[in-house]
Amino acid sequence: MAVREKKGLVARWLEGKERSEDYARSTLPTNRWSLFWDIFKGRFGKLVLINLLVLVTFLPMIAIVVFRAMSFMVQGASGPFGAGLGVGYPAIPNITGTAEMMALQSDLVFFGLLIPAGAIAAIGISGGMYIIRNLIWTEGVFVANDFARGIKRNYLSVLEAMLVFTVFLFLAQSMGHLADLFVVTGSDLAGWMTASKIIGFVFVGFSSLICLWMISLGVNYKQGPWSLFRNAVVITVGTLPQTLFFSALALAPLLLVVLGGGFLTALGVVLLILLSFSFAMLVWMDFSQWAFDRFINPNLGAAVGRGIYSKNGKKGEKNEKSSTGENFTESAAMREYKRMIVAQGRSKLVCRPIKPIDDDMEVYQLPESFSRDDLRRLKESKDAIEEDTRAYEEEHKNEERYVEYNRQFDERERALQSEEDGKKKKPPKPPKMLNKRK
């Protein structure tokens, strides 16, 4: 009797139930939460590799943030803010507004540099988001190849989102410093500038949510620049509570670096190097797929619930029953595999009964010197075997395994033919507005 190997906690956690003896199809992900966990534990190595690739493209933006913090520390230590106290010699008669002006001048440079740095970061986001989307769709993934393919396909849409965010951030920060300067100098426009500062940062927060949706929409659908922005605004407003929750959840590791302190900051830096970007992409893209399945895909006639195992085959899903009667959402790889099977034709070894060689019927063997009578016997023996084979096939052709195989093959053939006919037609355009499924 075989002895079951005992494995440690970490090994069992990494391998999951799919390696255990009690594995069943019911362990497959049935919702977005379980799909997230399935990808997180099963593709952890790929997530780390994706994070490193994205981190490289974010290095210019990180460097700008670090240099800005160091610059403000140096200016605070060496500036003329201690004039007359022996530190800021020589004394300056009036330093009102000096700190605000220095901050404004510095941030005009640093936040201006964030705009091209955001364009560089868009390279990593476009490649990383494409890989994460394929993981969620349960497609085969080759990180290096798919990263390059994602950049080629999605860079422009991601660039548009990054430009919207960085330009709004630059304008809001500049207006904020101007408001501070006008307040301390007693300008008549101080009240208006303070209001503009508040409105500006509200717009930055809202634009960040819009940009997240622009990225996920651009990775999933082909749209023009204006349609991409408009649809992102619509879906942001329509799913605002969920968007706020999942955006905060996705960006939580990144916020540890900015809002943490001491140990939390150190933990945030470690996560930033290993997992923060890929974790944020996985959370956000997983949530986005839920929203797309509910609001967009049914209107476009696209597959719903890709990557999720469905027990009931809900309406709107493009599922196919397996031989066990269960429903699965097909991936592109599976559709291509079935198309290849149909193209090769029916298997003659499976679609019909074949009589086993288990009787005493044999082909007559010709002697070294044979006559016409020997040839007649050879032909009769072959005819007898063929007749016996046809009789066996006729007797067993209605058995369930042959009927089921031919039925499934016919269904696949019709489905692929319908798919090919559908491709010949003009594909439907994305809706101008995103309407909730009724």
Side-chain angles (χ1 to χ4, degrees), residues 2 18-19 21-28 137-140 301-425:
E18 63 270 16
R19 296 289 181 86
E21 289 80 1
D22 59 350
Y23 170 70
R25 292 192 183 276
S26 58
T27 62
L28 296 172
W137 285 4
T138 63
E139 302 282 354
V304 175
R306 298 186 66 171
I308 294 180
Y309 163 73
S310 175
K311 293 182 179 180
N312 301 321
K314 295 180 181 179
K315 185 179 180 181
E317 295 180 344
K318 289 188 173 181
N319 294 339
E320 180 176 344
K321 279 194 174 183
S322 68
S323 58
T324 59
E326 296 164 327
N327 291 286
F328 297 89
T329 303
E330 287 187 308
S331 65
M334 180 58 70
R335 292 196 300 272
E336 184 62 29
Y337 172 71
K338 291 181 177 180
R339 185 180 290 107
M340 180 182 67
I341 291 178
V342 172
Q344 291 176 350
R346 297 176 196 266
S347 173
K348 294 182 179 180
L349 298 176
V350 182
C351 71
R352 62 186 178 87
I354 297 178
K355 185 179 183 297
I357 304 175
D358 57 358
D359 53 22
D360 55 354
M361 298 189 68
E362 296 180 357
V363 178
Y364 177 74
Q365 299 295 323
L366 290 174
E368 294 183 4
S369 178
F370 56 87
S371 62
R372 286 183 177 274
D373 188 55
D374 293 322
L375 292 175
R376 179 181 56 77
R377 290 182 180 181
L378 174 62
K379 184 176 184 307
E380 288 177 351
S381 66
K382 289 183 177 181
D383 291 342
I385 293 175
E386 290 179 0
E387 183 63 30
D388 185 65
T389 301
R390 281 194 293 268
Y392 180 88
E393 181 178 342
E394 186 67 23
E395 181 182 355
H396 295 83
K397 68 178 182 180
N398 293 324
E399 291 184 5
E400 183 180 357
R401 53 180 173 173
Y402 306 116
V403 174
E404 181 66 17
Y405 173 81
N406 288 300
R407 184 189 64 79
Q408 290 187 9
F409 192 91
D410 291 337
E411 288 181 355
R412 290 175 182 174
E413 203 169 31
R414 286 194 297 268
L416 291 174
Q417 184 62 41
S418 301
E419 184 178 340
E420 294 296 331
D421 294 341
K423 287 182 178 179
K424 294 177 182 178
K425 300 178 181 179

task = Identify the heavy atoms of Asp374 and Ser369 that sit nearest to each other, and give their distance.
result = OD2-O, 4.2 Å

key: Carboxylate-amine/guanidinium contact Glu380 Arg376, below 4.0 Å   = yes

request  = Run the salt-bridge test on Arg390 and Glu387 with the 4.0 Å N-O cut-off and return the result as yes or no.
outcome  = yes

task = Dump the intermediate steps for side chain to side chain contact (heavy atoms under 4.5 Å, CB included) on Asp373 and Arg377, then the final yes or no.
result = CA-CA 6 Å; Asp373 188 55; Arg377 290 182 180 181; 3.5 Å; yes

